[in-house]
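Following: one structure in structure tokens, then a few remarks.
Below, chain A is the first sequence line, B the second, and so on; all start at residue 1. Worth knowing before you read on, the calculation uses all heavy atoms, side chains too, and leaves out hydrogens, waters and symmetry mates. On a predicted model such as this, the values are computed, not experimentally measured, just so you know.
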Amino acid sequence: MKYDYKSIETKWQKRWEEEHAFEAKDMSEKPKFYGLVEFPYPSGTGMHVGHIKAYGGLEVISRKRRMQGYNVLFPIGFDAYGLPTENSAIKTGIHPRALTDRNIERFTDQLKRVGFSFDWSRVIDTTDDAYYKWTQYIFLKMFEKGLVFRDTAFVNYCPSCKVVLSNEDSQGGKCDICHSDIIQKSKDVWYLRITAYADRLLTGLDTVDYLPNIKLQQENWIGKSTGAFVDFSIADVDEKLRVYTTRPDTLFGVTFMVIAPEHPMIDKLADRIANMDAVVAYREECAKKSEFDRTQLVKDKTGVCLDGITAINPVSGKQIPIYIADYVMMGYGTGAIMAVPAHDERDYAFAKKFGADIIPVIEGGDVASEAYTGDGNMINSGFLNGISTKKEAIAKMIAHLEERGIGEAGVQYKMKEWAFNRQRYWGEPIPIVHCPHCGMVPVPYDELPLRLPEMKEFAPGEGGESPLAKVESYVNCTCPRCGKAAKRETDTMPQWAGSSWYFLRYIDPHNEHALADPEKLKYWMPVDWYNGGMEHVTRHMIYSRFWHKFLYDIGEVNTDEPYAKRTAQGLILGQDGEKMSKSRGNVVDPNEVVDAYGADVLRTYILFMGDYASAAPWSDAGVRGAKRFLDRFADAYDFISEKPSSPALISAIHKTIRKVGTDIEEMKFNTAIASMMGLLNTIFEEKSIAKEEYGILVRLLCPFAPHLAEELWEMLGEKGLCSLAAWPEYDESLTVDQTVELAVQINGKVRGVIAVDKALDRDGVLAIAKNDEKISPLLAGKTILKEIVVPQKIVNFVVK
RNA sequence: GCCGGUGUGUUGGAAUGGCAGACGAGGCGGACUCAAAAUCCGCUGCUGGCAACAGCGUGUGGGUUCAAGUCCCACCACCGGCACCA
């Protein structure tokens with residue numbers, strides 16, 4: 001058959017739409033499957049072949065589920081708030097709303113041309129006021145429950161662009177956009193108290209099916225550590241310095257302390273510090289560095305000793321110096337550490353540079369040359385001396401500290417609170433009013449959505465304020481509580497907000513009274529399978545799990561965890577093997593491939609490129625290979641004949657049904673396609689296949705190349721859509737070969753191959769192997785020490 | 001520096017501890033054609049050999065095993081992530 005992809009693809013895309021083929025049915029009797037892909041940011045540059053790979057995996061799985069009789073929800077939407085659109089609006093003067101609508105239209109068109117089986121009746125857009133009404137609603141619920149708070153923090157600020165920058169955009173202390181120097185500016189920051197859920201975010205991982213490396217990354221991000229808080233008193237003053245340590249067992253080895261330059265104790269004791277000038281100078285130096293740079297300086301430790309004050313080691317009673325150093329952060333633990341140079345590499349380096357004492361408390365290393373981080377017997381440690389295990393020493397020390405009231409067991413998380421405001425226009429307005437009398441007052445629920453005001457200029461305000469601060473009609477309002485004049489919050493939410501609950505909205509996208517109907521939520525949740533990029537497995541996934549757990553706690557949803565299963569796809573690299581980027585000029589536009597070869601070729605090639613989870617470079621020659629495969633598949637239609645398929649072919653078909661099915665479940669799409677190619681080669685050798693068997697093949701192809709499959713299915717005289725036809729079943733007995741080939745090895749080297757009946761016993765196999773014309777001469781005159789027979793695999797003679 | 005991952009032909013990549021290189025791409029040869037493209041058929045890890053065949057071969061060096069790409073130890077290279085996390 002002549003494969004005219006252009007007419008075929010338009011024809012079937014139209015049919016699917018007319019027949020609402022891929023629309024999910026709420027509350028259906030069928031088993032449900034909710035497949036979720038990370039919705040795209042509708043950028044101005046249009047879609048990328050990487051999007052096709054990201055969606056192509058669950059597309060195949062969702063299509064297979066439909067054919068297996070599931071009620072499938074496979075939705076798509078747009079995560080449309082974000083900086084690139086705002087920057088483009090500033091540059092072009094076009095409103096972000098107009099830019100977003102235009103980009104969404106373009107993405108929609110591209111996605112439809114690829115033939116993805118999304119349920120287009122449920123599309124959502126996070127910038128739609130009917131959507132962000134509920135984003136604001138969830139924020140206010142959190143505010144109500146005390147999970148929203150404000151604090152001042154230092155942020156990276158570009159005085160020239162007048163914007164706050166992420167660490168990523170301010171590397172090396174330079175602004176990514178204008179390259180001027182970044183300063184650290186104190187700012188009011190809105191936080192969500194995500195750490196309140198840290199432990200549940202961790203334990204919840206035991207109940208879900210995520211790829212192991214994804215779980216590990218989330219665990220490391222949450223970063224639970226157990227240890228102890230210890231109070232160090234300051235000599236001659238009634239002041240304590242509290243530290244957190246994971247190694248309370250080494251307390252006798254503490255020879256100095258280090259505190260963050262911003263630590264409040266410095267100002268408290270300023271009149272006792274003899275070298276306050278040096279301290280102030282060091283602080284100013286630190287203020288220039290972003291947190292990013294502070295934490296990237298690996299080699300050279302800097303710091304200043306606080307002259308005039310000393311701390312007292314609570315177990316040894318020794319007076320020890322206190323330093324300030326920028327490698328200690330105010331934001332983690334207590335902002336102060338106890339230093340054990342003998343057994344910690346960073347402390348060792350610092351001690352060597354500043355001439356501090358080094359006292360070993362664990363036997364084993366040579367602290368004259370380097371820190372010893374191994375295990376050993378406790379020494380120089382009073383009541384701990386002689387203890388040989390870290391666990392026992394820690395337990396004893398904690399008991400000792402607790403008894404004397406100078407410390408206690410404690411837990412710390414690396415995870416930081418979630419900074420939740422941005423000084424931007426194109427985001428959800430934070431629905432809070434600042435009243436001089438009542439303080440922070442939430443906008444009443446019945447006034448949601450709080451809409452963005454119309455504006456024409458989106459450049460940031462003076463001093464890095466949100467552009468919204470310039471709109472007086474928006475800023476000036478009355479307090480919802482006391483009715484007096486008040487000011488509206490002008491910051492907006494980060495892009496992460498809308499994507500933290502979008503999978504719930506797909507379930508009931510047009511509901512005006514709730515974020516989604518509770519009965520429908522109960523029917524569809526949890527998401528059965530979530531696929532996306534590795535770059536989102538920490539922040540986006542942890543943020544959205546946090547929101548979902550909160551919604552569970554207030555009774556809005558019925559599951560504790562949102563995602564039952566999570567996988568990730570690898571990148572598509574450019575033809576040059578480098579990451580695709582506009583500046584490298586190696587970006588492949590999916591439209592061009594669809595035009596030149598068709599959507600089915602694009603889909604099949606992308607899934608055939610290599611291991612789905614790994615990065616693989618694009619190859620135009622490889623695309624032609626996929627084209628050749630589909631052409632041959634269509635040509636094989638001409639081999640359909642009246643006579644039955646050969647037994648060998650039937651067996652091959654049943655093996656292929658099994659292989660394609662299990663491979664799809666494991667996301668091994670490349671080998672699934674390879675097995676169909678292999679079968680096609682067999683058909684070309686036989687030049688004959690029965691109609692029924694060809695129909696099986698068409699259905700196996702359908703999830704990958706649905707347009708061609710539909711066309712062939714129709715040519716076979718089938719009435720309904722192939723996309724909704726039953727997934728083929730295989731007959732186990734037909735997949736088992738009566739005769740198997742066994743490799744015969746002598747001392748582990750293959751010397752021959754024998755064909756035996758699969759049921760033949762060990763002795764029978766050995767007899768045939770020994771009498772084989774290649775094997776028997778090689779065994780002659782040798783002593784057989786051992787005979788190994790692994791059924792259906794191998795025979796090995798160990799000889800001398 | 002720490003954490004995670006990956007190293008297999010010319011190339012993308014296959015291989016529940018059991019015949020390494022499936023299936024593609026590329027190359028070579030043949031058929032068809034006036035010719036080319038397309039298509040179809042065959043060959044294609046390296047070395048030696050006319051051949052049968054032999055030896056070598058999964059980043060490097062060791063080890064476990066009848067048998068290692070696969071498991072263990074040490075190292076090297078590359079990719080990704082990061083928050084000097086006490």
_Suppose you measure atom P in B:A20 against the same atom in B:C56; what distance do you get, rounded to whole Å?_
13 Å

*Stretch residues 792-800 of chain A: residues that reach within less than 4.0 Å of RNA chain B through a heavy atom*: A:K793, A:I794, A:N796, A:V798

*So, do A:Y543 and A:W418 have ring centers that fall under 6.0 Å from each other?*
yes

_Watson-Crick and G-U pairing of RNA chain B, under 3.5 Å, as dot-bracket with | and [ ]_ = (((((((..(((.....[....)))((((((.......))))))((((....))))..(((((..]....))))))))))))....

*Considering only atom C1', compute the distance from B:C78 to B:G59 and round it to an integer number of Å.*
10 Å

*Is a side-chain N or O of A:H343 found less than 3.5 angstrom from the main chain of A:I362, in a donor-acceptor match?*
yes

_Side chains of A:M338 and A:V340, heavy atoms from C-beta outward: is any pair under 4.5 Å?_
yes

*When the nearest nucleotide of RNA chain B is assigned to A:L742 and to A:G333 on a heavy-atom basis, which residue is associated with the more 5' position?*
A:L742

*asked:* Applying a 4.0 Å non-hydrogen cut-off, can you work out what A:D344 is touching in the nucleic acid: base, sugar-phosphate, or nothing?
replied: nothing

_Gap between atoms CG and C1', on A:D620 and B:G12 respectively (whole Å)_ = 13 Å

*When you compare B:U10 with B:U70, how far apart are their C1' atoms, in angstrom units rounded to a whole number?*
25 Å

_I need the CZ-C1' distance between A:R624 and B:A25, as an integer number of Å._
9 Å

*Can A:I234 and A:I322 be said to form a side-chain contact (heavy atoms from CB on, under 4.5 Å), step by step?*
CA-CA 10 Å; A:I234 306 300; A:I322 304 171; 3.8 Å; yes

_Classify A:A615 by what it touches in the nucleic acid, base, sugar-phosphate, or nothing, heavy-atom distance under 4.0 Å._
sugar-phosphate

_Anti/syn call for B:G29, syn if |chi| within 90°_ = anti

*Classify the ring geometry between A:F350 and A:F256 as parallel (under 30°), tilted (30 to 60°) or perpendicular (over 60°).*
parallel

*Can you figure out which of B:G4, B:C85, B:G12 approaches the side chain of A:F608 most closely?*
B:G12

_Here's a test of your reading of the structure: between A:L778 and A:R247, which maps to the more 5' nucleotide of RNA chain B?_
A:L778

*Please work out if A:K668 contacts a base, only the sugar-phosphate, or nothing of the nucleic acid, heavy-atom cut-off 4.0 Å.*
sugar-phosphate

*Tell me: NE2 of A:H536 to P of B:G80, nearest whole Å?*
17 Å

_Atom-to-atom span, CE of A:M676 to C1' of B:A22 - whole angstrom_ = 15 Å

*asked:* Check A:E219 with A:K224, please: is the shortest side-chain N to carboxylate O separation under 4.0 Å?
replied: no

*Measure the distance from CG on A:L766 to C1' on B:C66 and round it to the nearest whole Å.*
13 Å

*Sugar-phosphate, base or nothing in reach of A:A621, heavy atoms under 4.0 Å*: sugar-phosphate

*The side chain of A:Q745 lies closest to which of these nucleotides: B:G26, B:G12, B:C19?*
B:C19

*Compare the minimum distances between each of B:C66, B:C56, B:C19 and the side chain of A:I788, then state the nucleotide with the smallest one.*
B:C66

*Give the rounded distance in Å between these two atoms: CG of A:D326 and C1' of B:A83.*
14 Å

*B:U58 and B:A51, which share atom name C1', separated by this distance in whole Å*: 29 Å

*Taking A:Y605 as the fixed residue, which of A:F629, A:F704, A:W618, A:F669 is the one that meets the ring pair (Phe, Tyr, Trp, His ring centres under 6.0 Å) rule?*
A:W618

*Base, sugar-phosphate, or nothing for A:S225, non-hydrogen atoms under 4.0 angstrom?*
sugar-phosphate

*Return no unless some side-chain N or O of A:N670 is found under 4.0 Å from OP1 or OP2 of B:A14.*
yes

*Is a donor on one side and an acceptor on the other found under 3.5 Å between the side chain of A:K53 and the backbone of A:G570?*
yes

*Looking only at atom types and distance, does a side-chain atom of A:Y372 sit under 3.5 Å from a main-chain N or O of A:D344, one as donor and one as acceptor?*
no

Please tabulate, for side-chain N and O atoms in residues 244-255 of chain A, each donor-acceptor pair with protein atoms closer than 3.5 Å (sequence neighbours left out).
from	atom 1	to	atom 2	distance (Å)
A:Y244	OH	A:S225	O	3.0
A:Y244	OH	A:S225	OG	2.8
A:Y244	OH	A:G227	N	3.3
A:T245	OG1	A:R247	N	2.9
A:R247	NE	A:D249	OD1	3.1
A:R247	NE	A:D249	OD2	3.4
A:R247	NH2	A:D249	OD2	3.0
A:T250	OG1	A:R247	O	2.8
A:T255	OG1	A:D357	O	2.7

*Quick one: CD1 on A:I312 to CG on A:D231, what's the gap to the nearest 0.5 Å?*
12.5 Å

*A:K774 NZ to B:A52 C1': how many Å, rounded?*
10 Å

_A:Y348: which residues meet the side-chain contact (heavy atoms from CB on, under 4.5 Å) condition with it, sequence neighbours left out?_
A:K352, A:I358, A:A371

Name the atoms and distances for all side-chain donor-acceptor pairs under 3.5 Å in residues 673-682 of chain A, with sequence neighbours left out.
from	atom 1	to	atom 2	distance (Å)
A:S675	OG	A:A672	O	2.8
A:N681	OD1	A:R632	NH2	2.7
A:T682	OG1	A:G678	O	3.1

*Say you pick atom C1' in B:G80 and the same atom in B:G62; how far apart are they, in whole Å?*
30 Å

*Between B:A86, B:A22, B:C19, which nucleotide has the shortest distance from any of its atoms to the side chain of A:T245?*
B:A86

_Taking B:U16 as the reference, what is the distance to B:G30 when you measure between their P atoms (whole Å, please)?_
39 Å

*asked:* Is the phosphate of B:C66 approached by A:K786 (side-chain N or O, under 4.0 Å from OP1 or OP2)?
replied: yes

*Would you say A:T195 and A:K416 make side-chain contact, with heavy atoms under 4.5 Å?*
no

*State whether A:R628 and A:D635 are salt-bridged, where the test is any N-O pair (Lys NZ or Arg NE/NH1/NH2 against Asp/Glu carboxylate O) under 4.0 Å.*
no

*When you compare B:A37 with B:C50, how far apart are their C1' atoms, in angstrom units rounded to a whole number?*
37 Å

*Classify the nucleic acid contact of A:D611 as base, sugar-phosphate or nothing, counting any heavy atom under 4.0 Å across all strands shown.*
sugar-phosphate

_Rounding to an integer number of angstrom, what distance separates B:G9 and B:G57 when you compare their P atoms?_
14 Å

*A:Y3 has an atom OH; how far is it from atom C1' of B:U39, in whole Å?*
17 Å

*Which is true for A:E535 with a 4.0 Å heavy-atom rule: it touches a base, it touches only sugar-phosphate, or it touches nothing?*
nothing

*Remember a base hit wins even if backbone is also touched, and classify A:L216 as base, sugar-phosphate or nothing at under 4.0 Å, heavy atoms.*
sugar-phosphate

Using nucleotides 40-49 of chain B, report all nitrogen or oxygen pairs with the protein that are shorter than 3.5 Å.
from	atom 1	to	atom 2	distance (Å)
B:C40	OP1	A:R632	NH1	2.8

